[in-house]
Structures are given as structure tokens and as C-alpha cells.
Amino acid sequence: MAEDTELRYDPAKIEPKWLERWAADARLYAAEPAANGKPKYYVLEMLPYPSGQLHMGHVRNYAIGDALARHMWMRGYNVLHPMGWDAFGLPAENAALKNNTPPRQWTLGNIAAMKRQMLRLGLGYDWATEITTCLPDYYRWNQWFFLRMLERGLVYRKQSKVNWCPECATVLANEQVIDGCCWRHEDTRVEQRDLEQWFLRITAYAQELLDGLEKLEGWPEKVRTMQRNWIGRSQGAEIDFRFERSIKDILEEESGVAKPATSQERPAIRVFTTRIDTIFGATSVQLAPEHPLVTELAAHDSGLRAQVAYLIEEQKKARESGDVAAIEKHGVPTGHFAVNPFNNELMPIWVANYVLMDYGTGAIMSVPGHDERDFEFAKKYALPIRRVIAPAHAGAGALNGSSSSLEPEEAPLPFTSEDGVLVNSGEYSGMTCPQAQKLLQEAAARGAFGEAKVTYRLKDWGVSRQRYWGTPIPMIHCERDGLVPVPDDQLPVVLPENIEITQQGGSPLARLPEFVNVKCPKCGEPARRETDTMDTFVDSSWYFYRYIDAQNAQAPFDSAKARHWFPIDQYIGGVEHAILHLIYSRFWTKVMRDLDIIANDEPARRLFTQGMVIKDGAKMSKSKGNVVSPDDMVARYGADATRMYALFAAPPDRDLDWQEDGVAGVSRFLGRVYRLVTKYSCVVRSSPPASRDREASQTAAALLRKLHQTIARISLDFEGRWHFNTCVAAIMELVNELQAADAQLASGEIPAPVVAELLRTLVLLLAPFAPYLAAELWEELGEQSAILRAPWPQSDPGLAKEEEIEIPVQINGKLATVVRVPAGADSKAIEAAALADRKVQLRAAGKTVAKVIVVPGRAISLVVK
RNA sequence: GCGGAAGUGGUGAAAUGGCAAACACACUAGCCUUAGGAGCUAGCGCCGCGAGGCUUGCGGGUUCGAGUCCCGCCUUCCGCACCA
């Protein structure tokens, strides 16, 4: 009876024991120097924000990465598997406000707590390379990179309309605005404000960021598409429309009443279009309400001024509501005219609320016949609608002069397809759209009134934040010398510790005289420090380079080490970073390459985005009350069961519905493994490593077959398919077979060397998924060394091969029966077996077999008539 | 509107174009007992007493053979969106 209690699987005993042993072995999870000759493997999971608590999403992310890392260690790779903390950010300031705890203290406390959780989960990180982005030895390199970018013209400052979250009391990057709301405050509308801001010129790399996506074959198509959309390249042309003042102005001037303001020469209006082939159909020019020409015209026209102010207000409201597409199109005529350079036609200039100043040139030519929006606008204001494109296919007859039932001219407007032929377009009539686009662009360039032009939706990255808990921007404002960079030897600009955090009145740093007041590095006169801090996405744009050389005090890292370890072999994280972090870090990598400190163009060769962890069909959240705490799970079922369930419940790329009964199930399974192995461990320990005698028993051969099939299945999945759910299922099948053979194991019918192979391999297969139990059972089997260094098992195809297989027999496409044949049976043998089958004979009775298709080892199909 | 992914039992899911539902959860019945969040046995897509028939969102197609490939829809989720 005492024996039974010994056999009980108790993770609460096993896991703390190994946790302690692993903690004492600093080299267990450490990467080796590059010179060791082993192939390198850099596996990286996205570093967490130290909120204080791991959530299930983290557990899933890290369970995937850790399984992979452990597998690669066992495969003999030199594995780099680091972890760190994305430790700057607003929550630390909010906590400071709420609890009166300094942000640094709050953050470091959270880090300690979460690190404990990670250790308890048995995650195999090399903590010697740990990085914490809020510490000066890390963020000084943010400042260093900022200055290098400044030198290369990649940093600039400008007044601009910015997204402002009233809740955060700071600016947000475009990427941080989601449906018009703050990415951290889902219910807080983002406002538009005008502020002087620091920008990083990510647009300088727009084309390369786009082109690079083609080569990132190891990245999910979804992420590549999202980035492509975000960069938003459109190819088109910019065309100048000459300005003609209004008839009223002309009359006034001629009558000498007054010299109208618009009589002076004005620059042409430059429009951007992707459809220059429709230019003969333009019937008006539309300007954004904030277009400089509008501002100027409105200055002399109080009526216009009021209306434009209203349009601006409408646009602002629409932006803030997040549903820009839904607002009603609305506009006002200026009374002035623009001249179409291709046919010298006069068309009215309007100001419209659907034209955006920050895209293209802020001015468009309106072609109602061939654009949905222009059509809607023209209908509303009774502007002319003209057809200049006819569908290419419907109206072949019309073009060659004969009549046809489907007149191209009848295709309903607006006709927006480019699959058409130009009509009513002067000498360009009859051309296809692409032909006309090319020729019209060339003509514009020759006439010096336009050119081909590529426009991107991607905007430069605004990195200024008016908050305290971030990297200080290393710049100084001097009355005499203007903007002066902090010299390298004065880095880091350290974030002061004693500070009062408030949510009002701009940056808390600005209220700290000892921080703000400095001497200008150039002239030595009193000057002011920049008080904006950097967006936290700066921290995470390059953190994975720092892991390889985390203690380096002379440089962000050693370039030689970077050449060895980069690119990252496998990056794993949530898809929510598809356009924020993942585009910024690609940009940063390209900048670093151009600074000549790395050799790779892209940070990561392969990217894996795991699905979300949900509960009862909804994302876990405090407000829904469906949050499952990892600590609870570990306390009840152990780290192994918690991790293994996270891998077993769904393939890693899909959303995972957390069901506690499932965790209990995995825990019971681990219990079965524990009892099985401990029951026969004495057989294994006393067994000499003799060659196995596979003829000894049928059951032994069957078990070895299953074992080697399982090895093959799991090894293959680690190659890239990563369906760890089926890997775990395969191990369960193996264990089920072993349990079913308990009588044969107990009786000694299975030779000891076979038992040894079965159990040792079972434990090895379990090691990436349930590291605690694997370590415990490895020791139980008499092994001294770390299982992490044991070689991953090899599948023996000879042993894995089935002796007899079942072949489905189809008759006229329907499954009729299944026949058993020897594994190597050829087509003839399979056909004979099928035709000899009673059910087949019954069905084919009185008919002739017209055709036989045999796929050896797979299936046989008979066609009978 | 553009782009991406998905749709299979009560549930999570499995299935290189070749026996749909492996593995597990839940459930049902039974056994065991040291009464445990334990263990063991059996059952568990639908219709049918059965033989058997039907079944992977819907409709077509390719094929000896389709959950899987192609075409057209529908639904759900995700991303982008007056981007000219």
C-alpha cells in the first residue's frame, strides 16, 4: 500500500526540486561562444511588458518557444534563448499616481515577480543576458542610435498635427491609434493637436521595407500583407493644373473697382492621381480644407473662410470618431478655376471634406465618371459627369464601327475598372488604360507640367512623448545654436529619479529645473534640455541585438557577435505586433546595417505568430471576468500540465479556448506516464545497453514500431509544421499502447533492452513539452546527465515500418471494404487481394471490371460496369 | 470597398487527393477503492432493430477517388480604408 503512494504523480514535489537544481546551474541554458563549432540557433520570444503578472497568452508564447529551444538543444545546436523586459511605458506612471510608488520601483518589483513566474514555469532562459529597457545601460543606446540617425538625416523635428490621447496625456504614433481610439484606452477618443515633434524618417526606407517582404518567406502571409497595406504604395502621377481666377475677380479688376487679391500669379495646383488615364474626364479640382491655397484664398474671402473652417471641423470630428469613411461628402466652390493641361479645359476649384491634406498633394482632380467618391460628390452638387473609359470587352463592336447589342457607352457609371479603353480623350482615345497611363505621363513630363510619382501611406514615425517614464531624447535647445545634440561622451542622459508624477501640464520632466537647465555643449551658455521622451517602441526595435552582448559598455553590441547570431532563426509572438513592433524593428535593422554595425538586412528569418488564448469564446479580460491566472494553474496542476495543455489544446497558430478540464486531463496523462515509467524503471536501470532482440515477441515489435513512428512524427513537426497538439497526441497514443501491453511488460515477455529503449525514448520525447517530469523520470531511469544535453532520438525506418497494412477498396468511387496485405505488396498483389474479397465479389457479381487503379500502399479503386 | 484566415461530432480538435472524426474533454453504464480533482473496463456523429444508408457551411466542377484541388456563393473572425 505504501508502494501506491510512492507512485502518485505529485508535480508540487517534483517541480520545486528541479527548479532549485536548474537555478544552481548557470550554464544549463547559456549559449556557448561562437567558436564552439556547433551550428547556432537563435530562438526568441517577444519580451513582455512588466505589468506584474504573466497572462495565459505569455504562457502559450513561451511554452512554444521553450519547446523549440529544448528540442534544438537536444539536436546539438548552440541555442540562444534569452528573455528581457520592455520596461518603459505609461502604466508605471499610472501606478505611481495611484499608489504613490516610484515608476522605477514599481517596474523592478513587477519584473522580479514575473521572473519568478517564468522560472516556476520551467522556461529555459539564459538569465545572464537579461535586459531591462528602463535601465540606463540599455536606454543609453537608444540615445546613441538617435544621435547616429540624426547625423544621417533620419531624425527631424517639425510642427505637426498629432494624435493626442487625453487619457495618456501624450502623443501617439499613427500605429498606436486603433479605430480612432488609443491603443491602451479602447474607449478614449484620440484628439488632433498641433505640436513640435521629433520624427524618425522611416519613409526613407518605405520601398525597401516593402521589397523586403517578398523575401521574408518564413513570415506569415498575413503579417506580410498587413505590412504591405500599411506601407500602402501607390503608383501614379502628379499633374499641375494652372490656376485661373474667378470671373468676379476679373470683372472687378477690369472695372477698376478694386485690385482683387487673386490677381497675382499663383503657382499651379499639383494633384496626385493613380488614374491619369481618366484625366479627360476631370470636371473639377478638389482641395483639402487645409491646403495652403485654400488658406490663402480664404484669407481674402470671409465667406469662404467660414465655410472652410466648418469643413476642417467636420474632418477633425470624423477623424476623432474613427469612421472617416462614413461622413457625408461635403464641399464648397471657391469660384476660381483650374485648367486641365491636356485639353485646356476650365474646371471649378472646390474645397471638399473628403480630401486629405496628409496624403498625396492634398489636391485631386475629380473624375466622377470613373471614381465612386467623385461620382457621389458630383451627383450631390450637379457637377458634370463624363465618360472617358469604355469597358474593354462589352463593346468591341462599337470600336470598329459596327453596332452591337452591348454598347460600351451603356456600361453604368461610375466605371472604375482599369480594364477598359479610352474614349472622348482626344488623341488617346482607343488606347487601353495602361497604354494611356504611360503615354500621358510621358507627355506631362515633356511639357513640364507633371511626372510619374509613387506615394506611400506610411508616415514618418513620431517618437516624441510628453511623459516621464521613457528614454530622454538626447537634445539640447540653445538660444544661440538652436538644436544641439548631447555629445556621445555625455551619454546617457539619465532619467531623474525623484520626480512628482502628474497627468497634467505636459511632461513631468519639464518641471524639474535640475534636469532642464544645462549648458549648451557648443557655446557653454545656459540652455534647456529636451523634455520629451521616446516612444517605447524605440526600446523594442533593437532589443534582440543587445541580448548577444548585454554587458557591453562601449557599444550597443559587438558587431562580430551580431554577424554570428543574426538573423534570428525563429521569432515568436502575437500577431498584434504585425505592424507596430515588427515594422519598426525591420526599419531599425536596416538603419543599423547602413551604419555598418550589422550585416543582415532583416531581423528574423522566420516569424511565428501564435493565436490568442480565449475563454468561453472571448478574449480574456478583467472586465469580462474570464481571466485564468497561470499561477492558479501551476498551483493546481503543475507547470508541466499547464504548459503542455497550452500546446495540446490547439495548433499554435490558432486561437486557443482555455478549458480547465483539459488541463486536468493532461495532468492525468502525465500521471499515467509517471506511473508507467516508475513501475518499470528498475528493469531499465538493470538492463545492460545490449542490442535488442526484436524477434522476441510480437508485442515488442509492435511497441518498437509505434515508438519509432512516434519519433518520426514529432521530429518532422519540429522541422516547421509545429503542430505540437498532434505531437502531444502522438505521445499519448504511444503511452496508451504501452499501457495496453502492461501484462507483457510485467511478465517479462518484452526483453529488458526493449523496455529500456521504449521508456528512455518516451522520456526524451516528452522533454520539450514537460521538462520537469522528463528530468525527474530521466533520473529515475538511472541517468546522471541533464536530459537537455541528451541526443534527440532518431527514428529507425526499419523498425517503424508496418508489416501488414490495410488498403481501402473503392468500387465506382464508393468505399466497399478494406483488405489486409503485406506492407510491400505490389499492385498485382493488392488487386488480387481486393478481387478475392467476399464483399467485392458480391458487389461486382454479374458485372465486368472496366478499370483498376492501384496506388500501392494507399488504395485500390475498381470501376465496374 | 481592399486584403488575410477560418467554417468538420455536445466541446477542443485530427486527417502528404486514398477507411472522416486520431488524441483529448464532457457525458453514459459498470468495476475497484486506500473515497481521490484517483484508477480500470465499455459506449459515445446522424438515421436504422438490423443489413445498411447518410455526414466536413451552400451550389457547381476536376478526378477512379475531394474535408483537402478549381469556380461561384454564404457566414464568422482579423487587418486596412473617402489613401485619390
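So that the names make sense, note that chain A is the first sequence line, chain B the second, and so on, each numbered from 1.
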Please list, pair by pair, any protein nitrogen or oxygen found under 3.5 Å from a nitrogen or oxygen in nucleotides 1-9 of chain B.
none

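- For C82(B), its base sits under 3.5 Å from the side chain of Lys329(A) at one donor and acceptor pair at least.
- Nucleotides A15(B) and U28(B), compared at atom P, are 30 Å apart to the nearest Å.
- When side chains are defined from C-beta on, Arg386(A) does not count as touching Val367(A), because their heavy atoms never get closer than 4.5 Å.
- Using a 4.0 Å cut-off, no side-chain N or O of Gln659(A) falls inside it from OP1 or OP2 of A13(B).
- The side chain of Arg668(A) sits closest to C25(B) out of C25(B), G37(B), G65(B).
- In the set G39(B), A84(B), C19(B), G39(B) carries the atom at the smallest distance from any side-chain atom of Arg675(A).
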Exercise. Would you please test Arg228(A) and Leu213(A) for side chain to side chain contact (heavy atoms under 4.5 Å, CB included) and show each step?
Key: CA-CA 8 Å; Arg228(A) 240 175 246 129; Leu213(A) 292 171; 4.1 Å; yes
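- Checking each of His330(A), Glu313(A), Glu314(A) against Asn353(A) for a side chain to side chain donor-acceptor pair (under 3.5 Å) leaves exactly one that passes, namely Glu314(A).
- Comparing atom distances between the Arg858(A) side chain and each of G18(B), C19(B), A84(B) picks out G18(B) as nearest.
- Nucleotides U68(B) and A20(B) place their C1' atoms 11 Å apart, quoted to the nearest Å.
- Nearest to the side-chain atoms of Thr726(A) among the listed nucleotides G18(B), A15(B), C82(B) stands A15(B).
- Counting any heavy atom pair closer than 4.0 Å across all strands shown, Val728(A) reaches no nucleic acid atom.
- Side chain of Ile579(A), nearest nucleotide from C54(B), G79(B), A26(B): G79(B).
- Ring planes of Phe342(A) and Phe280(A): tilted class, angle from 30 to 60°.
- The shortest side-chain heavy-atom distance between Ile364(A) and Tyr354(A) falls under the 4.5 Å cut-off.
- Taking the side chain of Arg672(A) as heavy atoms from C-beta on, and the options A26(B), A24(B), A84(B), the nearest nucleotide is A24(B).
- Contact of the Ile711(A) side chain with the His708(A) side chain is registered, since non-hydrogen atoms from C-beta on lie closer than 4.5 Å.
- Scanning atom types as modelled, one donor and one acceptor separated by under 3.5 angstrom connect the side chain of Glu806(A) and the base of C19(B).
- Gly232(A) comes within contact range of no nucleotide atom at all, as no heavy-atom separation falls under 4.0 Å.
- Checking A22(B), A13(B), C64(B) against the side-chain heavy atoms of Pro651(A) singles out A13(B) as nearest.
- Note on Asp655(A): only backbone sugar-phosphate atoms sit closer than 4.0 angstrom, heavy atoms only; bases stay farther off.
- The aromatic rings of Tyr381(A) and Trp350(A) sit tilted relative to each other, their planes meeting at an angle between 30° and 60°.
- Across all strands, Arg233(A) comes closer than 4.0 Å to no nucleic acid atom at all (heavy-atom distances).
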Quiz item: Please, what dot-bracket string fits RNA chain B when only Watson-Crick and G-U pairs with both distances under 3.5 Å count, crossing ones use [ ] and pairs to another strand use |?
Solution: (((((((..(((.....[....))).(((((.......))))).(((....)))..(((((..]....))))))))))))....
Practice problem: Dump the intermediate steps for side chain to side chain contact (heavy atoms under 4.5 Å, CB included) on Met347(A) and Asn340(A), then the final yes or no. | Solution: CA-CA 8 Å; Met347(A) 59 190 71; Asn340(A) 185 336; 3.6 Å; yes
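- For Glu733(A), the listed nucleotide lying nearest its side chain is C23(B); candidates were G37(B), C23(B), C64(B).
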